[in-house]
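Written out below as structure tokens is the structure these notes cover.
When a ligand or atom number is given, it counts from 1 through the structure's own listing order.
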Amino acid sequence: MNDRFAAIAAGARERRDASRSSGRPRIALCLDTSSRARGGEATLAALREAVAARGLDVEIATTGSWGFCWLEPTVSVRSAAGSRTVLYHSLTPDRVEEFLRAVIVEAGEFPELALGVVEGPATDRIGLLRDHPFMRGQVRRLMANCGRIDPASIDDALANRAYEGFVTALDMEPAAIIELMLESGLGGRGGGGFPAGRKWDFLRNATADPRYLVCNADEGDPGAWVNRILMEGDPHLIVEGMLIAALATHAVEGYVYIRHEYPLAIERMNEAVRQARERGLLGEDILGSGKTFDLVVFTGAGSYVCGEETGLINSIDGYRGMPRIRPPFPAQAGLWNLPTNVNNVETYANAPLILREGAAWWSSVSDDDAKGTKMFTFSGAVNQSGCVEIPFGLSVRELLERYGGGVPGGVPLKGYQPGGPLSGILPAAEADLPLTLAPFRERGMFLGSGGIVFFDETASVVDLCTYFLGFAEDESCGRCTTCFQGTQRAVEILRRIASGGGRETDLDKLGDLIQTMIWSNCLHGQFAPTTVKLALREFRSEFETLIREKRDPTRSLPGMIAYEITNPTAPALAGAAAVCPTAAIVADGAGHAIVDELCIRCDACREVAPEAIAIRDRFA
Ligand SMILES: Cc1cc2nc3c(=O)[nH]c(=O)nc-3n(C[C@H](O)[C@H](O)[C@H](O)COP(=O)(O)O)c2cc1C
């Protein structure tokens with residue numbers, strides 16, 4: 001063990017132990033982006049105010065996410081004795097007073113909001129957190145510290161084994177590190193699954209210097225936020241992963257590329273880099289080893305194609321964010337045209353675990369071809385939107401039922417999108433597929449970086465296609481006509497079908513576009529029509545019904561429906577007229593009528609007067 005590191009880590013553990021034995025209870029509120037969106041900052045302010053007003057001697061800290069995103073703000077409370085910690089959920093400012101009275105003043109519990117006991121024995125009223133249905137089956141390795149440590153404190157990270165993997169790697173030859181990575185079977189987590197060890201070996205064998213590392217934290221897929229959870233919850237894991245990659249590849253500088261829509265992740269990564277530098281874990285002569293490596297946190301402008309590795313490199317280089325033609329690949333000519341390795345956040349984050357615990361331990365968790373654990377986020381038609389870390393191989397349906405809490409309102413599942421807007425959609429009949437790479441590849445799509453979006457029977461597949469193709473059109477870099485015009489034409493056709501103007505020839509035209517767009521310069525254009533391709537294969541009748549019968553079975557497409565008043569004298573219609581944003585509901589004799597030309601199908605009126613207003617097929 002490196003002596004300097006041993007001293008740094010021992011100091012961190014001493015400070016942690018001193019805090020535990022101080023006799024002060026500790027309240028740690030999750031303050032990640034999901035918690036902020038659900039009022040976490042107001043709860044934190046209320047906690048601080050109430051603690052000060054009551055003169056309580058309590059340590060208040062913040063953490064990253066446990067993954068219970070739909071139940072934020074979550075709060076853990078460590079007892080004064082330091083031996084017992086309980087996690088609570090949904091702590092709103094108005095409940096802070098009674099909460100503090102129960103858990104601090106009376107040193108008791110607040111079972112109503114309890115999720116489980118993190119540390120210490122279960123009680124009659126609160127079970128162990130690990131037995132909570134949401135935690136069962138999860139194998140938390142990457143997320144081991146998420147929710148537990150203060151992401152802004154390197155001491156917290158060090159006291160929980162941060163940088164131990166890096167220190168192990170310091171004593172190894174680059175080739176041995178790569179051998180270990182290959183032995184583990186770690187595949188890239190950004191969607192492609194390419195073996196990380198092989199990529200590192202390309203850079204190790206590069207002939208030019210200096211060479212660079214890039215961490216792809218662009219995470220542009222709508223519905224994916226696994227990288228954010230890690231950056232906001234345990235940023236040092238990523239710094240450490242990049243340090244290990246640097247040792248293996250002789251890289252001297254690294255960039256963490258984060259889109260600007262992730263301000264908290266940017267802040268936490270910057271702080272982690274600053275603290276690591278301060279402790280001698282980044283910069284020159286790291287821990288006295290003579291090795292040099294430093295990190296820059298780079299803010300992207302939020303363009304989706306800048307998640308594509310060569311677009312990302314262009315963006316850091318200061319050019320317009322457009323993917324480059326490959327070859328040359330980044331390992332030959334990347335940043336500043338010098339050898340560069342690009343990996344996803346989660347890929348780098350696995351390296352410390354492999355170095356610390358060994359390849360056999362790391363890969364033993366899964367008997368699937370894909371090794372290790374994978375983080376998934378789930379959203380859309382789910383009761384519980386959150387993030388889990390599980391071994392590869394659980395079925396999509398189990399993910400939905402066990403962790404997502406099923407589809408709201410008992411509406412049947414219609415399908416799901418596994419890998420972001422370029423990946424495509426599958427019907428509910430394919431929900432028994434295991435969450436791993438091969439089955440999706442066989443279907444001409446990919447598992448992607450971990451965001452799974454579910455949709456139910458109320459969703460129109462044509463609408464989904466229009467949305468995803470529209471997204472691809474907006475995000476096309478504009479370099480090749482095939483992509484930017486191809487997506488535009490596809491959106492035009494889809495909009496036409498969705499508004500009742502579809503033609504018999506439209507499906508063939510979409511088929512032609514799918515064939516043509518394969519010839520786009522980069523994967524963005526090549527995969528943009530996958531949603532339509534799979535939708536035409538799996539949900540073709542929905543397109544045909546719209547075109548031939550001019551009828552939308554889901555009655556969700558604004559262009560295919562009209563609103564009609566079924567009970568003109570219903571008193572609730574006055575309220576409906578008041579909320580109508582376009583004044584489409586007008587007085588008509590003793591009652592009310594709808595002016596169809598003014599109606600924008602926003603459905604606000606039916607929320608107020610559901611019994612008096614109905615939806616009908618517009619072309620019936
Ligand atoms: C349009 C497009 C967007 C992408 N966005 C991301 C992204 O946000 N994050 C990511 O890690 N990879 C993204 N990728 C994949 C990257 O190009 C690259 O394969 C990945 O960063 C490699 O890391 P890995 O080997 O660790 O998976 C995207 C690819 C395309 C074509």
Side-chain angles (χ1 to χ4, degrees), residues 142 181 184-203 213-228 230-231 238 241-242 245 249 254-262 265 300-316 321-326 329-331 334-335 340-351 370 372 374-375 377 419-423 437 445-451 468 471-480 483-484 487 517 520-531:
L142 295 160
M181 295 295 287
S184 73
L186 172 64
R189 300 305 202 228
F194 193 83
R198 278 184 62 198
K199 255 195 188 175
W200 292 14
D201 212 27
F202 294 149
L203 191 64
L213 295 181
V214 173
C215 175
N216 189 341
D218 198 50
E219 197 163 60
D221 290 347
W225 64 95
V226 298
N227 290 173
R228 172 173 79 62
L230 275 186
M231 291 188 285
I238 300 145
M242 294 189 76
T249 59
Y255 288 78
V256 185
Y257 187 93
I258 315 178
R259 60 200 178 101
H260 78 103
E261 294 97 325
Y262 276 2
S303 151
Y304 184 69
V305 285
C306 285
E308 195 282 337
E309 57 187 19
T310 60
L312 187 159
I313 287 168
N314 253 10
S315 166
I316 299 180
M322 297 194 299
R324 297 177 180 174
I325 310 287
R326 297 183 301 180
F329 290 93
L335 271 184
T340 302
N341 175 73
V342 184
N343 274 128
N344 174 261
V345 168
E346 200 181 336
T347 315
Y348 282 120
N350 270 294
K374 176 80 195 81
M375 291 169 68
T377 50
L422 306 183
S423 168
L437 310 182
M445 54 201 305
F446 35 88
L447 177 64
S449 61
F468 290 123
F471 178 88
E473 179 196 354
D474 281 351
E475 298 295 338
S476 170
C477 77
R479 176 177 178 147
C480 65
C483 172
F484 82 83
T487 47
M517 289 182 68
S520 302
N521 275 339
C522 84
L523 294 172
H524 181 80
Q526 290 162 20
F527 281 100
T530 318
T531 309

Query - Worked check of side chain to side chain donor-acceptor pair (under 3.5 Å) between Tyr304 and Asp218 - result: CA-CA 8 Å; Tyr304 184 69; Asp218 198 50; over 6 Å; no

**Report entry** side-chain contact (heavy atoms from CB on, under 4.5 Å) partner of His524, chosen from Glu475, Met517, Glu308
**Finding:** Glu475

Requested in this report: Check whether any side-chain N or O of Ser449 sits under 3.5 Å from a backbone N or O of Gly191 as a donor-acceptor pair, and report yes or no.
Outcome: no

Report summary line: Taking every heavy atom of Gly450 against every heavy atom of Val226, the minimum-distance pair comes out as O-CG1, 4.4 Å

Query raised in the report: Would you say Glu309 and ligand 1 have an N/O pair spaced under 3.5 Å apart?
Result: yes

Report summary line: When distances are taken from atom 28 (C) of ligand 1, the protein heavy atom at minimum range is Gly307 O, 3.5 Å

Query raised in the report: Which protein non-hydrogen atom lies closest to atom 22 (C) of ligand 1, naming both residue and atom, and how far is it?
Result: Lys199 NZ, 3.3 Å

Query raised in the report: Which atoms of ligand 1 are found less than 4.0 Å from any heavy atom of Arg189?
Result: 26 (O), 27 (O)

Query raised in the report: How many angstroms lie between atom CG of Asn216 and atom OH of Tyr257, to the nearest 0.5 angstrom?
Result: 9.0 Å

Report summary line: A student checking ligand 1 against Leu523 at a 4.0 Å heavy-atom cut-off should list atoms 31 (C)

Report summary line: In terms of heavy-atom contacts, Pro421 and Phe468 come closest through CB-CD2, 3.8 Å

Report summary line: Glu346 and Met375 have their tightest heavy-atom pair at OE2-N, 3.0 Å

Query raised in the report: With backbone taken as N, CA, C and O and side chain as the heavy atoms from C-beta onward, which portion of Asp221 lies under 4.0 Å from ligand 1: side chain, backbone, both, or neither?
Result: neither

Requested in this report: Just jot down the ligand 1 atoms closer than 4.0 angstrom to any heavy atom of Asp218, in number order.
Outcome: 8 (O)

Query raised in the report: Aromatic ring centroids of Phe329 and Phe202 under 6.0 Å?
Result: no

Query raised in the report: Based purely on interatomic distance, does His524 place a nitrogen or oxygen under 3.5 Å from a nitrogen or oxygen of ligand 1?
Result: no

Query raised in the report: Polar-atom distance check: Gly220 versus ligand 1, any N or O pair below 3.5 Å?
Result: yes

Report task. Provide the number and element of each atom of ligand 1 under 4.0 Å from a heavy atom of Leu422. Result -> 1 (C)

Query raised in the report: Which residue holds the protein heavy atom closest to atom 29 (C) of ligand 1, what is that atom called, and what is the gap in Å?
Result: Glu308 CA, 3.7 Å

Query raised in the report: Tell me, which protein residue and heavy-atom name are nearest atom 8 (O) of ligand 1, and how many Å apart are they?
Result: Glu219 N, 3.0 Å

Query - Closest heavy-atom pair and its distance - Leu422, Leu523 - result: CD1-O, 4.2 Å

Query raised in the report: Do any N/O atoms on Tyr304 end up under 3.5 angstrom from N/O atoms on ligand 1?
Result: no

Requested in this report: Ignoring hydrogens, just give me the one of Leu186, Asn341, Asn216 whose non-hydrogen atom is nearest atom 20 (C) of ligand 1.
Outcome: Asn216

**Report entry** For Asn343, atoms of ligand 1 separated by under 4.0 Å from a heavy atom
**Finding:** 23 (O), 24 (P), 25 (O), 26 (O)

Report summary line: In terms of heavy-atom contacts, Phe471 and Gly220 come closest through CZ-O, 4.1 Å

**Report entry** Identity and distance of the protein heavy atom lying nearest atom 23 (O) of ligand 1
**Finding:** Asn344 N, 3.2 Å

Query raised in the report: Looking at ligand 1, does any of its N/O atoms fall within less than 3.5 Å of an N/O of Gly190?
Result: yes

Query - Side chains of Met322 and Asn521 in contact at under 4.5 Å (non-hydrogen atoms) - result: no

Report task. Examine the proximity of ligand 1 to Glu475 and report which part, side chain or backbone, both or neither, has a heavy atom under 4.0 Å away. Result -> neither

Query raised in the report: Should Thr347 be counted as touching ligand 1, given the test is an N or O pair under 3.5 Å?
Result: yes

Query raised in the report: Looking at Gly254 and Met242, what are the two nearest heavy atoms and their distance?
Result: CA-CE, 4.3 Å

